[in-house]
Amino acid sequence: MTTPDLPTQYAPADVETRSYERWVAEGYFTADVGGGGEPYSIVLPPPNVTGVLHIGHALDHSIQDVLIRRARMRGHQTLWLPGMDHAGIATQNVVERELAKQGLSRHDLGREAFVERVWQWKEESGGRILGQMAKLGDSVDWTRERFTMDDGLSRAVQTIFKHLFDDGLIYRAERIINWCPRCLTALSDIEVDHSDDEGELISIRYGEGDASIVVATTRAETMLGDTAVAVHPSDERYAHLVGTMVELPLTGRMIPVVADEHVDPSFGTGAVKVTPAHDPNDFEIGRRHGLPSLTIMDERAVVTAHGPFQGLDRFEARPAVVAALRAEGRIVAEKRPYLHAVGHCSRCKTVVEPRLSLQWFVNVQPLAKAAGDAVRDGRTRVHPPELAKRYFDWVDDMHDWCISRQLWWGHRIPVWYGPEGEVLCVGPDEEPPPGYTQDPDVLDTWFSSALWPFSTLGWPERTPELERFYPTTVLVTGYDILFFWVARMMMFGLYAMDGETPFRTVALHGMVRDQFGKKMSKSFGNVVDPLDWIERYGADATRFTLLRGASPGSDVAISEDWAAGSRNFCNKIWNATRFALLNGATVASPLPAPGDLTVADRWILSRLHTVIGAVDTAYEDFEFAKISDQLYHFAWDEVCDWYVELAKIQIAEGGDRAERTRVVLGHVLDALLRLLHPLMPFVTEELWRALTARPSVVVASWPALDASYADPAAEREIVAVQELITEVRRFRSDQGLKPGQRVAARLSLDGSALAAHEGAMRTLLRLDAPGPTFSATARLAVGTSAVELDTAGAIDVAAERKRLDKDLAAARKEAAQVAAKLANEQFMAKAPDDVVTKVRARAAQADADIARLEAQLAALPTG
RNA sequence: GGGCGCUUAGCUCAGCGGUAGAGCACUCGCCUUACAAGCGAGGGGUCACUGGUUCGAACCCAGUAGCGCCCACCA
């Protein structure tokens, strides 16, 4: 047994990097594909190479690390696979911004040089992220780190694209898509954020006299591209106009009035201008009625239509068009401000422009159906279950997925076009014929992320990793990307892996917020940088703070104070172990037989196993807050506050008692450190090694629940001791007796089991044997046990009277309440027996308390 | 416009049918030799509101108000 000279305060920085490097060097985190144990695998949701890890990542990683570390301790063959995402548009934007600082655009560099530049950036940024993961303590298998654009994953992308293409699930079509006029690319629905923006609803008269019709719009400039007006088929107001032509103002063009079910007769005037090239609904109306599509804006949303508006940006064109219409007396009404939902590019916040263009799509119908069914029939469990509904809403009503992006950073679409317009999808080992040119676009970044659970394991090759670790055991991620990402992994996983789901369980956590429940944002200045906390409070405290707030699917509020509290907890564990080491606690000897243990020993062992059971249960439900809470209170309130104090007394006895106490103490701390290790890997490693002289708690076994340690009698007895001690302490505090001041006392423990604790109680309460005379006494009782204190005339009668009065009032109130219950016939008739028994016991207790308190009050000296 | 959730101590939350809890903050007393990043004691809540079910409701049901989140092609 080594007893290193531990400092009195835990200094995280001293141990963290040292431990981490050793863990990696020892290969503790490396999955052994051929090894024993049930597989337990997690793929890390790959952070974007853009930027650095934020506190939300710290939560996400902490949860996964907790799960994987516990699984490792339980003897599973674990794999936690790390990696990063190339994050197409996000990364390209970041690098473009860097270039802009030098006054360059990506076009100045050219495609090849630009992509090279992004790769450089990826190397730097990626390295930073890996360093952060090490600081957090992530026990990932570094030998299997992947990147969504590495060779293997690119091959997987190309392979699945080819399969989908050949199955007719990928197609190219001219559709209205979301277009970002700043990024100059198509966006999928989920890359568009909607917000209620202020606009102006303008009513415009088309046509003249009886043949005129009033339409309402928030986007007046698009009228230049109108090719019809639509009304509801059953709208009698306009029945006479359907089939006729009206004149489109400013252009002189004649456009038809058509009848379409989509129009809501109760909104506005009940008549809708139809711009098929610039509105998704209008596009559908146009298609149904064979209307032409007239594109009036270019890719930068600059008006290209002939006339005075040509060359104006859409936001300049709008007032210009309105002014021109007003000049012609066409404006019938204006409503301002008018709030309506407007889509913004999720990357650059530019207002998205619906745009008619030729893009690649995935036909999601069959894939989404399978993805829904897998959760519906329980092959994949969503946790918490309430969130499954959101998942269903999404997959059951999913639009086809636009996967082409007019970007340079990403997986190039593996389709080549021949000189005669041939279209050829090229597989990973195929070469396109000469004279063919490749599609210039790249794939949506989520396309490669969707393959992550199997592409990282070697797919399309049937590697041993894939065989062993797919489906992965659990996916841990925030509820915010339940459909961004999870639904897509489900779709592609089921498709590529012959109907096998990518994960058995999806465990969703919430977002990290500040102490007031506010979202963290740079502009608000409430962002927490995990590295900052790690530096000041340690990685363990940072993790513990996050985990303490982590209930399935709910947001986590954190603050500086709580980080400090967690740091204090680390310190508490540190000092408890330090005490144990200084007092010769040992794990070398087996636990003595129960008959050789004291009540206190049996109590703490009973509590330990209760906690093991509770923690194991909480793990089943991913209740990290409960796990943390259980261990926190057991460690602090029971082990430190009571058992350590009782152990001091037992050790002072010397002999066998001391020896056995050292064994129990060593045993309890050993188990506690192992239970805490997944949550706080660094401090537990340092302490466990010191305590056990073994190499690493990382590969120690998880404490096994042993119900034979359950000892309700010991628990009751210690609780009674605690209550009596608390009562006496309260008296001392109320009386203003200094903690160290010794008081003479007679203990009336009724010859009950508590009599055995007299010595301990005298020590903990600083009570001496009674002196020969009593000038003033106080009798304190809990249940049938009592302590009589001789305060040598120093008793503060007023304080004591106040205290007793208060207790008496409480007891009387309790007695009245309970009596009312017992007098209630219906309660007596209908309440279950155990409830009635409890109430009776409370009544008896209350009566006894009243009698006792009244006697004490009567015995108080007057004046 | 749909859907979901929340409202419990100053703050963040747990409890989800039988005596209102935790952490932090607050008050008082203590350097009681593992720990002052600590120890002991204490104060603080008509569990949003209104009805209903029940012997009994913070907990179940209905409605009201406020807050939040997600989804959405009503011009």
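Numbers restart at 1 for each chain; the letters A, B, ... are given by sequence-line order, proteins then strands.
Distances were taken from every side-chain heavy atom of A341(A) (C-beta onward) to each of C4(B), U32(B), A72(B); the shortest belongs to A72(B). Of the candidate nucleotides G15(B), G18(B), C69(B), G15(B) has the atom nearest to the side chain of K626(A). Among the nucleotides A72(B), G23(B), G38(B), the one closest to the side chain of K572(A) is G38(B). Comparing C55(B), U19(B), A75(B) against the side chain of F267(A) picks out A75(B) as the nearest. Of the candidates C55(B), A72(B), A22(B), C55(B) carries the atom nearest the Q826(A) side chain, counting heavy atoms from C-beta on. When distances run from any side-chain atom of K648(A) to the nucleotides A34(B), A72(B), A75(B), the shortest one goes to A34(B). For R390(A), the side-chain atoms get nearest to C69(B) when compared with the rest of C35(B), C69(B), G23(B). The listed nucleotides are G23(B), U54(B), A72(B); the one nearest the side chain of H633(A) is G23(B). Each of U54(B), A22(B), C30(B) was ranked by its minimum atom distance to the side chain of K830(A); first place goes to U54(B). Closest to the side chain of D641(A), out of A72(B), A34(B), G40(B), is G40(B).
Atom CG in D264(A) sits roughly 11 Å away from atom P in A75(B) (whole-Å rounding). Rounded to whole Å, the distance from NE2 on H340(A) to P on G1(B) is 16 Å. Rounded to whole angstrom, the span from the CD1 atom of I649(A) across to the P atom of A34(B) amounts to 12 Å. We find that CG of D189(A) is positioned 11 Å from P of C71(B), with the value rounded to whole Å. Summarising the geometry, the separation between CG on L6(A) and P on U33(B) is reported as 20 Å, rounded to the nearest angstrom. Rounded to whole angstrom, the span from the CG atom of D193(A) across to the C1' atom of A72(B) amounts to 14 Å. We find that CZ of F731(A) is positioned 20 Å from P of G40(B), with the value rounded to whole Å. Between the P atom of G23(B) and the CZ atom of F624(A) lies a distance of 23 Å, rounded to the nearest Å.
The residue C640(A) sits close to a base: some heavy atom pair falls under 4.0 Å. At a threshold of 4.0 angstrom between heavy atoms, the contacts of R578(A) are confined to the sugar-phosphate backbone, with no base atom among them. Nucleic acid contact class of R548(A) (heavy atoms, under 4.0 Å, all strands): sugar-phosphate only. Residue A557(A) is classed as a sugar-phosphate contact, given heavy-atom separations below 4.0 Å to backbone atoms only. The residue Y10(A) sits close to a base: some heavy atom pair falls under 4.0 Å. Backbone-only engagement by N824(A) is indicated by non-hydrogen atom pairs under 4.0 Å involving sugar-phosphate atoms exclusively. Using a 4.0 Å heavy-atom criterion, one finds that E560(A) contacts no nucleic acid atom at all. Among the heavy atoms of the strands lying under 4.0 Å from E814(A) is at least one base atom, whether or not backbone atoms are also near. Counting non-hydrogen atoms under 4.0 angstrom, P832(A) reaches a base of the nucleic acid. Backbone-only contact: D561(A) has heavy atoms under 4.0 Å from sugar-phosphate atoms and none from a base.
At the phosphate of G38(B), OP1 or OP2 sits under 4.0 Å from a side-chain N or O atom of N568(A). Taking only side-chain nitrogens and oxygens, W636(A) comes nearer than 4.0 Å to OP1 or OP2 of C39(B). Not one side-chain nitrogen or oxygen of K738(A) sits closer than 4.0 Å to the OP1 or OP2 atom of C39(B). Of the side-chain N and O atoms in K821(A), none sit less than 4.0 angstrom from OP1 or OP2 of G18(B).
R803(A) has a carboxylate O that lies under 4.0 Å from a charged side-chain N of E727(A), or vice versa, which qualifies the two as a salt bridge. Using a cutoff of 4.0 Å between basic side-chain nitrogens and carboxylate oxygens, R536(A) and E560(A) are scored as salt-bridged. Checked for salt-bridge contact, R730(A) and D807(A) meet the test: a charged N lies under 4.0 Å from a carboxylate O. A salt bridge does not link R314(A) to E221(A): none of the charged nitrogens lies less than 4.0 Å from a carboxylate oxygen. The pair R219(A)-E200(A) does not count as a salt bridge, with every side-chain nitrogen at least 4.0 angstrom from each carboxylate oxygen. A salt bridge does not link K838(A) to D834(A): none of the charged nitrogens lies less than 4.0 Å from a carboxylate oxygen.
Contact of the L764(A) side chain with the I649(A) side chain is registered, since non-hydrogen atoms from C-beta on lie closer than 4.5 Å.
Place V644(A) and G736(A) on RNA chain B by their nearest nucleotides, and G736(A) ends up nearer the 5' end. A residue-by-residue look at A11(A) and H262(A) shows that A11(A) has its nearest nucleotide of RNA chain B further toward the 5' end.
For the pair R175(A) and F361(A), the distance from NZ or CZ to the six-membered ring centre is under 6.0 Å and the angle to the ring normal is within 45 degrees. Cation-pi contact between R488(A) and W401(A): present, with separation from the ring centre below 6.0 Å and deviation from the ring axis of at most 45°.
For the residue pair Y479(A)/D555(A), the side-chain donor-acceptor check at 3.5 Å is satisfied. With hydrogens and angles left out, the side-chain atoms of H232(A) and D260(A) include no donor and acceptor closer than 3.5 Å. Under the 3.5 Å distance criterion, with hydrogens and angles disregarded, no donor-acceptor pair is assigned to the side chains of T726(A) and E723(A). Side-chain contact check for D226(A) and T275(A): at least one donor-acceptor pair (N or O, by modelled atom type) lies under 3.5 Å.
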Check nucleotides 42-46 of chain B for protein N or O atoms closer than 3.5 Å to its own N or O atoms and list the pairs.
residue	atom	partner	partner atom	Å
G43(B)	OP1	K806(A)	NZ	2.3

Could I get a table of every N or O pair under 3.5 Å where one atom is in the protein and the other is in nucleotides 5-11 of chain B?
residue	atom	partner	partner atom	Å
C11(B)	O2'	Q515(A)	O	3.2

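By the salt bridge (charged side-chain N to carboxylate O under 4.0 Å, His left out) test, E284(A) pairs with R287(A), sequence neighbours left out. Judged as a side-chain hydrogen bond (donor to acceptor under 3.5 Å, both in side chains), and not counting sequence neighbours, H399(A) has no contacts.
Nucleotides C6(B) and C59(B) place their C1' atoms 15 Å apart, quoted to the nearest Å. With both ends at atom C1', the span from U32(B) to G38(B) equals 11 Å, rounded to whole Å. Atom P of A20(B) sits at a distance of 15 Å from the matching atom of A9(B), rounded to the whole Å. Here the separation of G21(B) from C16(B), taken at their P atoms, is 14 Å to the nearest Å. Rounded to the nearest Å, the gap between the P atom of C49(B) and that of U7(B) is 13 Å.
Base pairing in RNA chain B gives the following stems of 3 or more Watson-Crick or G-U pairs, range against range and under 3.5 Å: B:1-7 with B:65-71, B:10-13 with B:21-24, B:26-30 with B:38-42, B:48-52 with B:60-64.
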In residues 621-635 of chain A, what donor-acceptor pairs under 3.5 Å come from side-chain atoms, sequence neighbours left out?
residue	atom	partner	partner atom	Å
S628(A)	OG	F624(A)	O	2.6
H633(A)	ND1	D629(A)	O	3.2

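Contact of R729(A) with A41(B) (side chain to base): no donor-acceptor pair of N or O atoms is detected under 3.5 Å.
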